[in-house]
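Inspection log for the structure reproduced underneath, given as C-alpha cells.
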Amino acid sequence: MYSADISTAEVVKKQISYKWRAYISVFTSLVVIQLLGVLFSLNGTGMSSSGGRSYNIQVEYYNADIIMIFTIFWGFITALLLTTKAYREDDFAFVTNRMSGTLSTILYLWIISSIAGFTASLSGYLLKVVVFLFTSQEILNSTGAGGAGIYLMGLVSLILTIFMFAGFGYAAGMIVQWNKMFVILLPVLVIGLLFSLEKAGYSLDRFFFQFLFSEQSFWLFLIKSTAVSAAAYLSAFLISNRLEVKQ
C-alpha cells in the first residue's frame, strides 16, 4: 500500500491557488469601491483661496486619500466575509487542518492587500486625469512623490495598513463565528469602551491613531503595524482553534 505525505506548505499553496480562483469577485468589489473613491474625490480634498481688488484665486487640492480610506474599508469587509461558514468550509475540499486553512487565508489576504494598495496608490493619477478631462478645473501643478524611495515607502505603508485592518476584520469575524451574540455585543462593547475611556479622560481612538499614523519614522511604523497585525491574526487563529473544537 502506497502512502504519500503531503507537506503543510504544499497544502497551503494549493489552498491559496484555489482561493485566488474561487474568490475572484473580491477584485470586482475592489474596482467598484475605488471608482466610488474617485467619484467622491472629485470635490477635492482641500481648498485655499486668495484675492484682491481685481482678482480672486481659488486652489483645490486633489489626492487619493479618500480612495485609500475606501480601500482600507474594503480590506476590513473582505476579511470579515472570509470568516463566514460558507468560505471556511471551502478549506475542507483539501486534506487540511485549521492551521493550514488559517495560514492560507492570511497569506491570501496579504496578496490581495498588496494588489489593493498598489492600485490605490496609482488611483491618484486616474483622479487627476478625470478632473482634467471632465471638469472645468485646470491642473496647474502636479506634485511628485519625491522619488522612487519615497513612493515605495508610501506604498509599503499603505499595504501594511490595509493588511492590518483586514486583520481586524478577520479577528472580528472569527469572534462572531465563535458566538453569534457578538454580532450585537462586539459593536456595543467597542463603542461603550470608547465612551468610558473618553469620560475618564482617555481617548483610545486618538491614542491608536497617534501611535500608528502619526509616526514620523517609516521603520518604527513598520514595526508597530507589523506587531498590531500579528496580534490581530494571532487572535483570529486562536479563536479558529476554538471553532474547530466546537464543530
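Just the heavy atoms: all of them, side chains too, but no hydrogens, waters or symmetry mates, feed the values below. None of the values given here were measured: they were computed from a predicted structure.
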_Go through it in stages, so that I can follow the logic: the residues are Tyr23 and Leu82, the test is side chain to side chain contact (heavy atoms under 4.5 Å, CB included), and I'd like the CA-CA distance, side-chain angles, deciding distance and then a yes or no._
CA-CA 9 Å; Tyr23 306 156; Leu82 290 181; 3.7 Å; yes
_Does Ser17 form a side chain to side chain contact (heavy atoms under 4.5 Å, CB included) with Lys13? I'd like the steps, not just the answer._
CA-CA 6 Å; Ser17 177; Lys13 181 179 177 182; 5.9 Å; no
*asked:* Using side chain to side chain contact (heavy atoms under 4.5 Å, CB included), reason through Phe237 and Ile106 one step at a time and then give a plain yes or no.
replied: CA-CA 10 Å; Phe237 173 71; Ile106 293 172; 5.6 Å; no
_Walk me through whether Ile175 and Ile239 qualify under side chain to side chain contact (heavy atoms under 4.5 Å, CB included)._
CA-CA 7 Å; Ile175 292 172; Ile239 296 168; 3.3 Å; yes
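Hydrophobic clustering (ILVMFWY, side-chain heavy atoms < 4.5 Å, transitive): Val38 and Val129 are in one cluster. One hydrophobic cluster, built from ILVMFWY side chains closer than 4.5 Å, holds both Val32 and Leu122. Criterion: ILVMFWY side-chain heavy atoms under 4.5 Å apart, direct or through other members. Under it, Leu152 and Ile223 are not part of a common hydrophobic cluster. Neither Leu222 nor Leu220 shares a network with the other; the hydrophobic side chains, linked directly or stepwise wherever heavy atoms of I, L, V, M, F, W or Y lie under 4.5 Å apart, form separate groups for each.
Shown here for Ile66 and Ser41, the closest heavy-atom pair between the two residues is CB-OG, 3.5 Å. Nearest approach of Gln15 to Ser104, heavy atoms of both residues: OE1-OG, 3.2 Å. Summarising the geometry of Ser113 relative to Ile159, their closest heavy-atom pair is O-CG1, 4.0 Å, with the distance given to 0.1 Å.
A distance of 9.5 Å separates CG in Leu160 from CG in Leu155, rounded to the nearest 0.5 Å. Between the CZ atom in Arg21 and the CD1 atom in Ile16 there is a gap of 12.0 Å [rounded to 0.5 Å]. To the nearest 0.5 angstrom, Met174 atom CE is 6.0 Å from Thr83 atom OG1. We find the CG-CG distance between Leu30 and Leu35 to be 9.0 Å, quoted to the nearest 0.5 Å.
A donor-acceptor contact shorter than 3.5 Å is absent between the side chain of Ser229 and the backbone of Thr226. At distances below 3.5 Å, at least one donor-acceptor pair connects side-chain atoms of Ser235 with backbone N or O atoms of Ala231.
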Just list the side-chain donor-acceptor pairs under 3.5 Å for residues 161-173, sequence neighbours left out, or say none.
residue : atom : partner : partner atom : Å
Thr161  : OG1  : Ser157  : O            : 2.8

Would you tabulate the side-chain donor-acceptor contacts of residues 67-74 under 3.5 Å, counting partners in other chains and residues two or more places apart, or write 'none'?
residue : atom : partner : partner atom : Å
Thr71   : OG1  : Gln34   : NE2          : 3.2
Thr71   : OG1  : Ile67   : O            : 2.8
Trp74   : NE1  : Val26   : O            : 3.3
Trp74   : NE1  : Ser29   : OG           : 3.0
Trp74   : NE1  : Thr78   : OG1          : 3.4

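Between Tyr151 and Ser121, the side chains place a donor N or O and an acceptor N or O closer than 3.5 Å (distance only, hydrogens not considered).
Residues satisfying the ring-ring contact (aromatic ring centres under 6.0 Å, His included) test with Phe27, not counting sequence neighbours, are Trp20.
Inter-residue side-chain proximity for Ile24 and Thr28 is flagged as unmet; no heavy-atom pair is nearer than 4.5 Å. Between Val156 and Phe218, some side-chain heavy-atom pair lies under the 4.5 Å cut-off. Counting heavy atoms from C-beta on, the side chains of Ile33 and Ile77 never come closer than 4.5 Å.
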